[in-house]
Amino acid sequence: MSGEKPPVEFCKGVNGLDKVVLREAKGSSAEQVYLYGGQVTSWKNDQGEELLFVSSKAIFKPPKAIRGGIPICFPQFSNNGPLEQHGFARNRFWSIDTDPPPFPTNTSNKAFVDLILKPSEEDLKIWPHSYEFRLRVTLGPGGDLMLTSRIRNTNNDGKPFSFTFAYHTYFSVSDISEVRVEGLETLDYLDNLQEKQRFTEQGDAITFESEVDKIYLGTPTKIAILDHEKKRTFVLRKDGLPDAVVWNPWDKKAKAMADFGDDEYKHMLCVEAAAIEKPITLKPGEEWKGRLELSTVPSSYCSGQLDPQRVLQG
Ligand code: TA6
């Protein structure tokens with residue numbers, strides 16, 4: 001049909017940065033991926049509603065990471081190591097992978113893009129390992145968003161390397177004080193606000209009334225984020241990512257971040273599929289795969305119509 005937009009469009013975004021726009025077959029949902037950082041910055045549903053949070057003060061200018069969407073934390077999550085906070089993958093320009101190795105789950109899907117990141121000479125000075133990091137971002141037929149990372153050790157000196165990883169996903173929520181997270185009950189977590197001490201989570205859903213910065217360990221494949229006001233539940237499915245980080249900066253930290261609006265903490269929540277507690281070690285030639293799948297389902301939790309356990313067990 002004339003005027004129908006293609007499933008994959010290469011164009012310019014904020015500050016002229018290269019980006020890829022993916023559109024679902026019926027032209028409804030869409031998402032945007034910046035080559036800078038290999039970062040998804042927008043995921044819209046078929047009503048055109050934005051499902052990810054990007055700060056109105058996000059800088060979109062290297063070397064600062066874009067504040068929002070789904071930053072890729074690699075090869076180091078947080079500041080547990082010699083590299084800058086969250087590693088450097090989110091601060092690099094990725095390339096379009098024109099010759100990706102066959103994807104085991106090649107589907108008929110057309111709305112996807114393959115990106116690749118390899119170390120520069122500069123990178124090798126700060127992290128002396130050769131790797132190929134292939135990222136496939138797909139918009140599924142029902143508007144689901146899928147990210148698959150494949151990281152291969154291409155060292156020719158026989159050396160293994162270890163890394164930690166997170167999809168640092170910023171969800172857009174209507175009001176953080178009306179959000180619940182299901183699926184992390186009774187799990188152990190490391191509390192970044194208490195010198196990373198280990199605690200055990202309570203027995204019911206997580207709710208929010210102050211700053212939270214927790215790394216949940218050994219988490220289930222599925223986590224549900226219920227937005228009461230929007231009657232919407234985000235379903236996060238993950239594979240190869242045993243941990244999950246939950247973060248909201250709340251008011252004080254929000255004010256301290258130049259690329260974050262003072263009140264924006266009320267409308268975002270980070271729930272991040274991650275591999276942190278046990279770093280991943282690859283020998284030369286070995287490849288690791290980490291998948292994240294995001295979808296939304298209508299939820300009227302307050303009327304008890306949605307049993308989040310059904311969402312989690314479905
Ligand atoms: O994922 C949570 C976290 O590690 C928090 O401790 C906070 O630092 C957040 O990431 C944001 O980090 P950034 O480097 O993007 O400002």
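Only this structure's heavy atoms are used, side chains among them; waters, hydrogens and symmetry mates stay out. In listed order, ligands and their atoms are each counted from 1. Remember, it's a predicted structure, so these values are computed and weren't measured experimentally.
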Discussion item. Looking only at the aromatic ring of each residue, does the gap between the centers of H267 and F53 stay below 6.0 angstrom?
Written reply: no
Item to complete: Tell me which protein heavy atom sits closest to atom 6 (O) of ligand 1, plus the residue, atom name and distance to 0.1 Å.
Response: D213 OD2, 2.5 Å
Worksheet entry | NZ/NE/NH1/NH2 to OD/OE distance under 4.0 Å, R180 and D227 | no
Worksheet, complete the sentence: When distances are taken from atom 1 (O) of ligand 1, the protein heavy atom at minimum range is E272 OE2, 2.8 Å
Item to complete: Select one of side chain, backbone, both or neither to describe which atoms of R90 lie under 4.0 Å from any atom of ligand 1, heavy atoms only.
Response: side chain
Worksheet item: With a 4.0 Å cut-off, would you call D97 and R134 a salt bridge?
Response: yes
Discussion item. Is there a polar contact between ligand 1 and N192, counting only N or O atoms under 3.5 Å apart?
Written reply: no
Worksheet item: Would you call D239-R291 a salt bridge at under 4.0 Å N-O?
Response: no
Worksheet item: Q85 heavy atoms, cut-off 4.0 Å: which ligand 1 atoms fall inside?
Response: 8 (O), 12 (O), 13 (P), 14 (O)
Practice prompt. Could you say whether the N/O atoms of R67 and ligand 1 ever approach to under 3.5 Å?
Written response: yes
Worksheet item: Do Y167 side-chain atoms and G290 backbone N/O form a donor-acceptor pair below 3.5 Å?
Response: yes
Worksheet item: Given that the side chain starts at C-beta and the backbone is N, CA, C, O, which of these parts of M257 lies under 4.0 Å from ligand 1, counting heavy atoms, or is it both or neither?
Response: neither
Fill in: Atoms of ligand 1 close to F77 [distance to a heavy atom under 4.0 angstrom, numbered from 1]
1 (O), 4 (O)
Worksheet entry | Taking atom 3 (C) of ligand 1 as the reference point, the nearest protein heavy atom with its distance | H86 NE2, 3.8 Å
Item to complete: Assign the ring pair F161 / H129 to parallel, tilted or perpendicular, where the plane angle (0 to 90°) is split at 30° and 60°.
Response: tilted
Discussion item. Quick check on the 6.0 Å ring-centre criterion: do F163 and Y131 meet it?
Written reply: no
